[in-house]
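Heads up, the thing below is written out as structure tokens.
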2 protein chains.
Amino acid sequence: MVERGELLYRTNEPVRTIYAIRTGSVKTYVLTTNGRMQITGFHIPGELLGLGAIAPHNFTTEAMALETTMVCEVPIKVLEAYSRKIPSICQQMLKILSQKIRDNQELMLLLGKKSANERLATFLLSISQRFRRRRYSPTEFNLSMSRNEIGNYLGISEETVCRVFSRFQNEGLLATERRQVQLLDLERLDNIARG
Amino acid sequence: MVERGELLYRTNEPVRTIYAIRTGSVKTYVLTTNGRMQITGFHIPGELLGLGAIAPHNFTTEAMALETTMVCEVPIKVLEAYSRKIPSICQQMLKILSQKIRDNQELMLLLGKKSANERLATFLLSISQRFRRRRYSPTEFNLSMSRNEIGNYLGISEETVCRVFSRFQNEGLLATERRQVQLLDLERLDNIARG
DNA sequence: CGCAGCTTTGAACGGAGTCAAACTAAGTGG
DNA sequence: CCACTTAGTTTGACTCCGTTCAAAGCTGCG
């Protein structure tokens with residue numbers, strides 16, 4: 001159980017456990033030597049955290065709770081014990097790391113090649129799809145992260161995030177009241193996201 | 001043996017073999033549905049290609065030779081056979097995927113948070129370090145990729161790449177004649193790269 | 001030689017950043 | 001319970017970095 005703003009782990013810390021999110025949400029990010037931050041992911045219940053650092057043995061990212069969050073901690077020792085008994089565990093872990101690589105590739109494409117409109121549309125649809133998979137409403141949800149955090153993640157300023165939200169609202173693509181969002185035209189959002 | 005411009009593999013193709021580069025160089029990239037491209041890495045002798053796609057079983061990136069390149073192909077079957085005999089192979093693969101995730105995190109930081117100057121300085125120093133590790137000169141080398149490809153990788157236009165090269169040359173940080181580069185002040189470049 | 005591709009530089013434009021200010025919601029403590 | 005504080009959101013005005021468009025120069029190859 002961690003409160004908003006608390007860290008699950010920090011950069012360079014040895015990896016002792018990995019985390020499964022039960023409730024709440026978490027952001028992960030990397031830091032430059034001079035303190036700049038790039039958020040690399042937002043994580044919701046059902047997702048695993050920390051596996052990406054399992055081979056270097058030290059965390060390369062930091063994880064902070066966006067709200068009160070319940071996590072299930074799995075000690076590395078336990079994981080190793082299982083993987084000796086069941087070799088397919090290693091296959092599973094390869095699969096999870098592969099998925100992470102693909103997610104990162106998508107984010108790089110966004111950061112390197114997309115406009116502000118395309119970035120926010122992509123972001124909202126990605127949230128929508130993850131909620132759909134978990135049987136939450138894919139069109140009406142509450143964002144647990146601030147405009148600032150969205151902007152950081154998407155590589156744009158928080159003001160630009162606000163402006164794009166306003167534009168989308170004026171064009172009837174969505175309705176938003178602070179962090180409450182209702183997607184009104186998924187198809188058109190999809191067209192924008194694809195560029 | 002592949003010639004400049006030839007593909008080692010393409011997106012969605014099933015993964016039958018992975019590749020070790022012997023000589024030459026290769027770029028890997030992801031594509032959007034509408035054909036935009038983001039280069040995700042340049043690869044030099046000694047590096048492995050294709051492992052990132054081992055779990056989804058289909059390539060998510062494409063790999064193209066930047067020049068005449070010799071690769072050693074390792075069939076997945078062989079890899080699997082070994083990994084049944086030697087479990088530590090799986091650990092090795094986890095390590096390689098972890099490294100790839102860290103590389104991608106660094107690139108995301110660059111794409112999301114760095115200026116054009118910082119991007120090119122970071123890029124040149126990264127090349128420099130990789131050459132140093134392979135016992136090539138870390139200060140004098142020949143780039144195998146075009147300005148256009150550098151720009152695509154760094155998320156800036158080819159013209160901006162040219163302009164930053166010119167700036168750096170005027171400030172005595174490096175000397176460049178087309179693709180031949182000589183780094184003259186690693187320390188100052190490092191300061192720029194850190195931002 | 002002549003062409004095609006790559007590189008370089010200039011000029012003008014524009015999207016997003018920055019700075020600033022008004023507004024809102026949510027705490028917090030008296 | 002309410003005044004006050006604080007964090008977050010929104011909008012406007014201006015600026016600037018990097019893009020785009022255009023043109024000229026260079027290089028290597030057929």
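By convention in this document, chain letters (A, B, ...) are assigned in the order of the sequence lines, proteins followed by strands, and residues within each chain are numbered from 1. Since we're looking at a predicted model, the values are computed, not measured.
- When the C1' atom of C:dC6 is taken as reference, atom CD of B:Glu149 falls 11 Å away, rounded to whole Å.
- In terms of phosphate contacts, B:Thr160 brings no side-chain nitrogen or oxygen within less than 4.0 Å of OP1 or OP2 of D:dC17.
- Residue B:Leu120 contributes atom CG, which lies 16 Å from atom C1' of D:dC17 at whole-angstrom precision.
- Rounding to whole angstrom units, CD of residue B:Glu158 and P of D:dG25 are separated by 18 Å.
- A donor-acceptor contact under 3.5 Å is not formed by the side chain of A:Arg163 with the base of C:dG15.
- Rounded to whole Å, atom C1' of C:dT7 lies 11 Å from atom CZ of B:Phe165.
- Base contact: B:Ser157 has a heavy atom under 4.0 Å from a base atom.
- A:Gln180 places its CD atom 15 Å from the C1' atom of C:dA25, with the value rounded to the nearest Å.
- Under 3.5 Å, the side chain of B:Glu159 and the base of D:dC21 form at least one donor-acceptor pair of N or O atoms.
- Among the heavy atoms of the strands, none lies under 4.0 Å from B:Arg167.
- Under 4.0 angstrom from either OP1 or OP2 of D:dC29 there lies no side-chain N or O belonging to B:Arg4.
- The residue A:Ser146 sits close only to the backbone: its heavy atoms come under 4.0 Å of sugar-phosphate atoms, none of a base.
- Rounded to an integer number of Å, the gap from CD1 of A:Ile156 to P of D:dG18 is 17 Å.
- A ring-centre distance under 6.0 Å is not found for B:Tyr136 and B:Phe141.
- Distance B:Lys114 NZ to C:dG17 P: 18 Å, rounded to the nearest Å.
- For the pair A:Arg147 CZ and C:dA16 C1', the interatomic distance rounds to 18 Å; values are reported in whole Å.
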